[in-house]
Number of protein chains: 2
Amino acid sequence: MGDVAQAAGVSPMTVSNTFKYPQRVQEQTRLRVLASAHELGYVPNLVAGNLAAGESRVIGGTIPSIRNSSFYKYVLGMQQAVNLQGYKLVLMLADTIAQEREAVETLIGLRVAGLVLVGNEHDPATVSLLRKVDVPVVESWTHGDAMDMGVGYDTAEATRRAVRLLLARGRRRIALIIHEGGAARRFTERVPAFRDEMARAGLPGDLVQSVQITDGFGAGPVALGALLARAADLEAVICPTDVVAAGILFECQRRGIAVPDDLAVAGWGDYEVSSEMTPQLTTIGPNAAEMGTEAVDLLIRRVQGQPIRNRLVDTGFTLIERASTGG
Amino acid sequence: MGDVAQAAGVSPMTVSNTFKYPQRVQEQTRLRVLASAHELGYVPNLVAGNLAAGESRVIGGTIPSIRNSSFYKYVLGMQQAVNLQGYKLVLMLADTIAQEREAVETLIGLRVAGLVLVGNEHDPATVSLLRKVDVPVVESWTHGDAMDMGVGYDTAEATRRAVRLLLARGRRRIALIIHEGGAARRFTERVPAFRDEMARAGLPGDLVQSVQITDGFGAGPVALGALLARAADLEAVICPTDVVAAGILFECQRRGIAVPDDLAVAGWGDYEVSSEMTPQLTTIGPNAAEMGTEAVDLLIRRVQGQPIRNRLVDTGFTLIERASTGG
DNA sequence: GCTATGATTTGTAGCGCTACAATGCCTTCC
DNA sequence: GGAAGGCATTGTAGCGCTACAAATCATAGC
């Protein structure tokens, strides 16, 4: 910076102002500084700037996985929101709560302006760390509960709606598949809702099957096999993701099970694949892009000290009925 | 840091050493410092550390998209390598070369130790910036060409191998589908290889169809429709990704086209879906995890001043033959 | 007892930048 | 003509940490 200042015949402070607060510097001075900077190939060191100013325009986010499209629209929503507000988004992968803890430590180490995490399941060390350092945090994909701020939708209610849809389509022997392993605890919230809604219809809620979250498409065949072994009269399944539902559809093709006539299949997540398969998948659409946008907006409002109406935002969901659950 | 030092009854320098060079500090002192740090919720400010030491243990990467599994194994490979070496990986999404430029600016602003980019298609401003600041860069998913270092496989040769496989399975009227839009120029390398290999067999290489990279599964039906309009006698297609191939399989189901009897379909990328569908997809497996690992290893070797045998690493590929191209 | 040696710990200076206050300079207005 | 006010510019101090060298301590050998 000093070299640029000397070349332009001004003080270092004027160079700093030229980049940080251009309107403070007179037009001709600014142009002179920019010319010298360009000539010398000077790129401001944001690290030093952040350290001196104690502020950053970078937001940190963690993503459990990029294995499938689960977080695609969500991340796009975040990206759009940060772009609009002149911030940047850096992401770290965090498959497990231990990895999340490390990611949070690194992001806090980089002194990001705020954090967007996924889920409300964290390492105790993460929680106590976040309480001690005073950094704004949004937990997304959660509902009605958050350390600081939260964005999400009601997965219990979504489960109920899916069960009611299947009941309305004449199915009685309904199964719920959930994920386990990793940081998959959020799937377990669906179980009591499922059992309760089945009980209201006077039906047993015994068919709850869990599969490893690491299994992807392959989880479909595994879950279907296990469920058919438990209940040969199975009429419908609600899947934890569209990927598992797609895996079940593939397996049904191989086994000669007709969907939806023999078996109704409902997915979850409104991934692109759900509308491209045959039959098209009934699925629960979580308004993921809105969730990402809302998470970032909450964070930036908090960073900038603006008032926050709702600390916990419900972005809702849509039950998208398609062919895989019958007509 | 001062607070922690005081709490532990040591000097700030010892706290610094505890985190940066644990082996320099006596066991009991180290434990005392760590306890105080934990109690006070102290997280070392990497920003200040970078500034003082002029080095960082964070590597920055850009990813074109997380829409589908394309970069899943690749990112896992990078993650594994950085974990092994005690580095951290932060990612930024960069769909276009303009977004890549911004991402690179931000990551350089954060003074990451090195950068891993995807592809060799960049904004001129990105290239000149990278030349000015002296930061190690690996370009992945490229072959035989890189600014600094490169990792990838030979997509032209892979295209040739796919063509030869289809020829060996008795197909003559073969089409190549490629992507366009965004930063998809790397797909065009496949075209001359396709035409050349077809010409060697005395066949026309006219059936090259391009689809928008933003289209995902939906690109399958679009491409298939266009190709059938151009050549009703179409016998085989080579797709730019497994997602497009899956879209074509779905469309074939709807149109009553038997795969592989009426049409052979080859995918690209060895995504999980390729082995779960019926019929299973023949696909080109790019050893993506190895590519990620190798990219990070190259970078870290360069950062640490170790000798680099090959500036350009070829991680190879595997042609995985399955049912979709016939037996 | 005293020095040599190595292990551990501790000051000092400064990384590149920005907040803040202070300086200088030019108008404006009574 | 001189004080007041506004604007552009410039010193000063310090952000939180680490490189480096200096200092301290423990142990061993003569």
Side-chain angles (χ1 to χ4, degrees), chain A residues 1-34 36-37 40-58 105-113 132-135, chain B residues 1-34 36-37 40-58 86 88 105-106 108-113 132-135 303-305:
Chain A
M1 199 168 83
D3 296 345
V4 176
Q6 203 153 21
V10 296
S11 75
M13 236 359 264
T14 299
V15 178
S16 171
N17 282 331
T18 303
F19 284 97
K20 191 106 200 264
Y21 302 102
Q23 76 285 357
R24 289 219 269 242
V25 181
Q26 218 174 4
E27 173 99 16
Q28 59 172 18
T29 313
R30 199 174 66 230
L31 292 177
R32 202 146 33 90
V33 170
L34 289 176
S36 307
L40 295 172
Y42 168 73
V43 182
N45 183 336
L46 297 187
V47 167
N50 291 353
L51 181 61
E55 63 165 40
S56 142
R57 307 216 106 207
V58 177
E105 278 168 3
T106 300
L107 291 169
I108 288 179
L110 291 171
R111 292 301 186 267
V112 295
K132 276 168 193 158
V133 306
D134 187 32
V135 63
Chain B
M1 199 168 84
D3 296 346
V4 176
Q6 203 152 22
V10 296
S11 74
M13 238 358 266
T14 300
V15 177
S16 171
N17 283 330
T18 302
F19 284 97
K20 192 104 200 269
Y21 303 101
Q23 77 284 359
R24 281 193 197 162
V25 181
Q26 219 174 2
E27 172 100 17
Q28 59 171 17
T29 314
R30 199 174 67 230
L31 293 177
R32 201 145 35 89
V33 170
L34 289 175
S36 307
L40 296 172
Y42 167 75
V43 179
N45 184 335
L46 298 183
V47 168
N50 293 354
L51 183 61
E55 64 165 39
S56 141
R57 307 216 106 206
V58 177
K88 302 288 175 186
E105 277 168 4
T106 301
I108 287 179
L110 292 171
R111 290 300 187 269
V112 294
K132 270 177 214 156
V133 304
D134 187 33
V135 64
V303 169
Q304 299 183 341

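Note on naming: letters A, B, ... go to the chains in the order of the sequence lines (proteins, then strands), and numbering restarts at 1 for each one.
- Considering only side-chain atoms of Y21(A), the nucleotide from dG16(D), dC17(C), dA19(C) that sits closest is dA19(C).
- The side chain to side chain donor-acceptor pair (under 3.5 Å) test applied to K20(B) returns E55(B), not counting sequence neighbours.
- Note: Q26(B) CD to T18(B) OG1 = 11.5 Å, rounded to the nearest 0.5 Å.
- Contact annotation for P12(B): no contact, since no heavy-atom pair falls under 4.0 Å across all strands.
- Residues satisfying the side chain to side chain contact (heavy atoms under 4.5 Å, CB included) criterion with R111(B), sequence neighbours excluded, are N45(A), V47(A), I108(B).
- Within the 4.0 Å cut-off from OP1 or OP2 of dG11(D), not a single side-chain nitrogen or oxygen of S11(A) is found.
- Across the protein-nucleic acid pair, N17(B) atom CG and dC20(D) atom P stand 13 Å apart, rounded to whole Å.
- Listed pair S16(A) / dG16(C) fails the phosphate criterion, with no side-chain N or O lying under 4.0 Å from OP1 or OP2.
- Atom CZ of R24(A) and atom CZ of R30(A) lie 13.5 Å apart (nearest 0.5 Å).
- K20(B) has its NZ atom 13 Å from the C1' atom of dG16(D), to the nearest Å.
- Backbone-only contact: G49(B) has heavy atoms under 4.0 Å from sugar-phosphate atoms and none from a base.
- Taking OG1 from T29(A) and CG from L34(A), the interatomic distance works out to 10.5 Å, rounded to the nearest 0.5 Å.
- Between M1(A) atom CE and dA19(C) atom P the separation is 11 Å, expressed in whole Å.
- Distance from the side chain of A48(A) is smallest to dG16(C) among dC17(D), dG16(C), dT18(C).
- Checking each of L31(A), D3(A), V4(A) against S36(A) for a side chain to side chain contact (heavy atoms under 4.5 Å, CB included) leaves exactly one that passes, namely V4(A).
- Comparing A53(B) and R32(B) against DNA chain C, the residue whose closest nucleotide sits nearer the 5' end is R32(B).
- Residue V47(A) is classed as having no contact, given no heavy-atom separation below 4.0 Å to the nucleic acid.
- Within the 4.0 angstrom heavy-atom criterion, only backbone atoms of the sugar-phosphate kind lie near V10(A); the bases stay farther away.
- For the helix from dG1(C)-dC30(D) to dC30(C)-dG1(D), the axis fitted to the five pairs at one end and the axis fitted to the five pairs at the other end meet at an angle of 50° (nearest 10 degrees).
- Heavy atoms only, all atoms of each residue included: A8(B) and R32(B) are closest at O-NH1, 2.5 Å.
- Computed from coordinates, the Q28(A) CD to dC7(D) C1' distance equals 14 Å when rounded to whole Å.
- When each of V58(A), N50(A), T106(A) is paired with V112(A), the side chain to side chain contact (heavy atoms under 4.5 Å, CB included) condition holds for V58(A) and for no other.
- Whole-Å rounding puts the N50(B) CG to dC17(C) P distance at 14 Å.
- The 5' end of DNA chain C is approached more closely, in terms of each residue's nearest nucleotide, by M13(B) than by the other of M13(B) and A52(A).
- If you take CD of Q6(B) and P of dT10(C), they are 13 Å apart, rounded to a whole angstrom.
- Counting to the nearest Å, the C1' atom of dG16(C) and the CG atom of D3(A) are 12 Å from each other.
- For dT9(D), the OP1/OP2 oxygens have no side-chain nitrogen or oxygen of T14(A) closer than 4.0 Å.
- An OP1 or OP2 oxygen of dA7(C) is reached within less than 4.0 angstrom by no side-chain nitrogen or oxygen of Q26(B).
- Atom-to-atom, CG of L51(B) to P of dA13(C) comes out at 18 Å; the value is rounded to the nearest Å.
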